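Report on the structure given below.
Computed from a predicted model, the values in this text were never measured in an experiment.
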Amino acid sequence: MISPLAYVDPSAKLGKNVTVHPFAYIDKNVEIGDDNVIMPYASLMSGTRMGNGNTVYQGAVVAAVPQDFAFTGEETLAIIGNNNVIRENAVIIRGTHTSHATKVGNGNFIMSGARLSHDVEVGNRCIIGNGSQVSGNCIIYDNAILTSNVLMQGNTRLGSFSVVQGGCRFIKDIPPYIVAAHEPIAFYSINTKVLEHTGFSETIIKHIAQAYRILYKANTSLHDALGRIREQIPNGPEIENIIQFVETSKLGIIH
């Protein structure tokens with residue numbers, strides 16, 4: 001159902017069973033799939049590419065023009081997957097150049113007033129808390145959580161299954177499976193409750209905890225710590241994920 005009080009550009013492409021409420025705005029160069037719900041006063045701007053089963057709440061804006069001095073007016077994209085919830089007044093900004101795009105995966109919950117800046121990549125099943133701000137070119141991996149009012153500075157990464165506590169800000173990468181807290185931000189603990197809830201075995205959680213004891217408590221160099229992890233802990237996907245994340249960090253990881 002498309003309300004006659006909504007604006008839908010004639011060139012926009014809408015799938016089946018899409019609901020567009022009164023006073024919603026759907027721009028030209030917009031393509032959305034099936035079973036989406038666009039609430040009143042939500043705006044899907046030029047460059048929106050949206051999958052199926054998403055709900056965009058009042059006042060949210062998808063594919064806003066980049067707040068980037070490098071932006072030259074190119075027709076860039078914000079690519080949204082399936083089954084995402086984008087709550088009131090959240091803003092998702094499209095990519096700066098055609099060579100990149102802002103990308104949001106599947107099953108994410110983007111809460112009220114959150115902002116995803118240009119060229120951000122969000123994986124699957126992530127939570128972006130109320131008022132959290134994600135600067136340009138950041139990467140948030142699967143199942144990660146930013147709680148309320150977090151400031152994620154440009155080009156940083158948040159590892160899978162990690163949580164950043166409310167009000168924190170960070171300028172370095174946060175590795176997977178941990179809780180980050182305090183000001184200045186620091187490693188706080190393993191994200192045990194979430195790992196248990198999502199089916200990680202007790203053995204795997206112990207291996208993850210052991211890896212981070214070496215990484216953060218052994219009082220040695222990062223290179224030596226990674227070597228000890230390889231030598232002392234049975235290898236598996238989770239341990240390899242930690243090692244690879246740390247080794248590929250361009251900004252370094254939080255302390």
Side-chain angles (χ1 to χ4, degrees), residues 105-111 114 120-130 132-135 138-153 155-255:
N106 304 319
N108 298 289
F109 190 26
I110 301 173
M111 293 187 181
V120 164
E121 296 185 21
V122 178
N124 304 311
R125 301 173 300 278
C126 298
I127 298 172
I128 312 299
N130 295 316
S132 287
Q133 307 288 301
V134 181
S135 299
C138 291
I139 300 175
I140 300 175
Y141 291 93
D142 293 353
N143 302 291
I145 299 173
L146 295 177
T147 57
S148 296
N149 298 310
V150 173
L151 299 180
M152 185 172 181
Q153 295 295 318
N155 301 293
T156 53
R157 301 182 300 160
L158 176 61
S160 54
F161 290 98
S162 278
V163 174
V164 183
Q165 291 192 349
C168 289
R169 56 183 177 174
F170 57 101
I171 60 174
K172 292 187 176 183
D173 294 344
I174 296 178
Y177 315 119
I178 73 168
V179 177
H182 302 310
E183 176 59 40
I185 197 167
F187 170 82
Y188 179 73
S189 69
I190 305 303
N191 194 14
T192 304
K193 289 185 178 180
V194 169
L195 296 179
E196 289 175 344
H197 179 74
T198 49
F200 283 69
S201 69
E202 183 179 352
T203 298
I204 294 299
I205 293 173
K206 286 182 177 179
H207 289 166
I208 292 170
Q210 185 180 356
Y212 281 111
R213 277 195 296 272
I214 294 172
L215 198 59
Y216 282 111
K217 306 295 184 182
N219 196 29
T220 187
S221 69
L222 196 61
H223 180 269
D224 183 55
L226 293 175
R228 293 187 191 186
I229 290 171
R230 286 191 173 97
E231 293 171 1
Q232 298 176 20
I233 303 174
N235 195 22
E238 296 79 14
I239 300 304
E240 191 57 40
N241 188 23
I242 295 169
I243 293 171
Q244 185 179 34
F245 186 97
V246 174
E247 287 185 331
T248 57
S249 176
K250 296 178 180 179
L251 300 176
I253 60 172
I254 62 169
H255 296 298

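Closest non-hydrogen pair, Val179 versus Gln165, comes out as CG1-NE2, 3.7 Å. When all heavy atoms are compared, the tightest approach of Ile239 to Ala211 is CD1-CB, 4.1 Å. Residues Ala180 and Cys168 come closest through the heavy atom pair O-SG, 4.4 Å. Smallest separation of non-hydrogen atoms from Val134 and Ile140: CG2-CD1, 4.1 Å. Scanning all heavy atoms of the two residues, the minimum distance from Ala114 to Gly129 falls at CB-O, 3.7 Å. Of all non-hydrogen atoms in Ser162 and Leu158, the two that sit nearest each other are CB-CD1, 3.8 Å.
Put simply, the side chain of Met152 reaches to within 4.5 Å of the side chain of Phe170, judged on heavy atoms. The shortest side-chain heavy-atom distance between Ile214 and Ile233 falls under the 4.5 Å cut-off. Side-chain contact between Ser132 and Thr147 is absent, with no heavy atoms from C-beta onward closer than 4.5 Å. Counting only heavy atoms from C-beta outward, the side chains of Leu251 and Thr156 approach each other to under 4.5 Å. Side-chain atoms of Val122 and Ile110, non-hydrogen and from C-beta on, never get closer than 4.5 Å to each other. Here the side chains of Phe200 and Glu238 are in contact, with some heavy-atom distance below 4.5 Å. Within the 4.5 Å cutoff, side-chain heavy atoms of Ile185 are placed close to those of Ile174. In this structure the side chain of Val194 never reaches within 4.5 angstrom of the side chain of Asn143, judged on heavy atoms.
With sequence neighbours left out, Arg228 forms a salt bridge (Lys or Arg N to Asp or Glu O under 4.0 Å) with Asp224.
Residue Arg230 qualifies as enclosed at atom CZ: its count of foreign heavy atoms under 6.0 Å is above 12. Under a cut-off of 6.0 angstrom, the local environment of OH in Tyr212 is crowded, with over 12 non-hydrogen atoms contributed by other residues, nucleotides or ligands. Open room surrounds CD on Glu202; 12 or fewer heavy atoms of other groups in view lie less than 6.0 Å from it. In this structure, Ile171 places its CD1 atom where only 12 or fewer heavy-atom neighbours from other residues, nucleotides or ligands lie under 6.0 Å away.
Counting only distance, with no hydrogens or angles, the side chain of Asp173 and the backbone of Arg157 share a donor-acceptor pair below 3.5 Å. Listed for the Asn108 side chain is a donor-acceptor partner under 3.5 Å among the backbone atoms of Gly123. Proximity of a side-chain donor or acceptor of Asn124 to a complementary backbone N or O of Asn106 within less than 3.5 Å is detected.
In this structure, OG in Ser201 is found 10.5 Å from CD in Glu196, a value given to the nearest 0.5 Å. Rounding to the nearest 0.5 Å gives a distance of 12.5 Å between CZ of Arg213 and CG of Leu215. Put simply, CZ on Arg125 and OG on Ser160 are 10.0 Å apart, with the number rounded to the nearest 0.5 Å. In this structure, Cys138 SG and Asn155 CG are separated by 6.5 Å, a value rounded to the nearest 0.5 Å. Summarising the geometry, atom OG1 belonging to Thr220 is positioned 10.0 Å from atom CG belonging to Leu226; distances are rounded to the nearest 0.5 Å. Atoms CD and NE2, on Glu247 and His223 in that order, are 8.0 Å from each other to the nearest 0.5 Å.
Between Tyr216 and Phe187, the angle of the ring planes stays under 30°, which puts this pair in the parallel group of the 30/60° scheme.
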Taking it one step at a time, do Lys172 and Ile253 satisfy side-chain contact (heavy atoms from CB on, under 4.5 Å)?
-> CA-CA 5 Å; Lys172 292 187 176 183; Ile253 60 172; 5.8 Å; no
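Tyr177 and Asn241 are linked by a side-chain donor-acceptor pair at a separation below 3.5 angstrom, with hydrogens and angles left out of the test.
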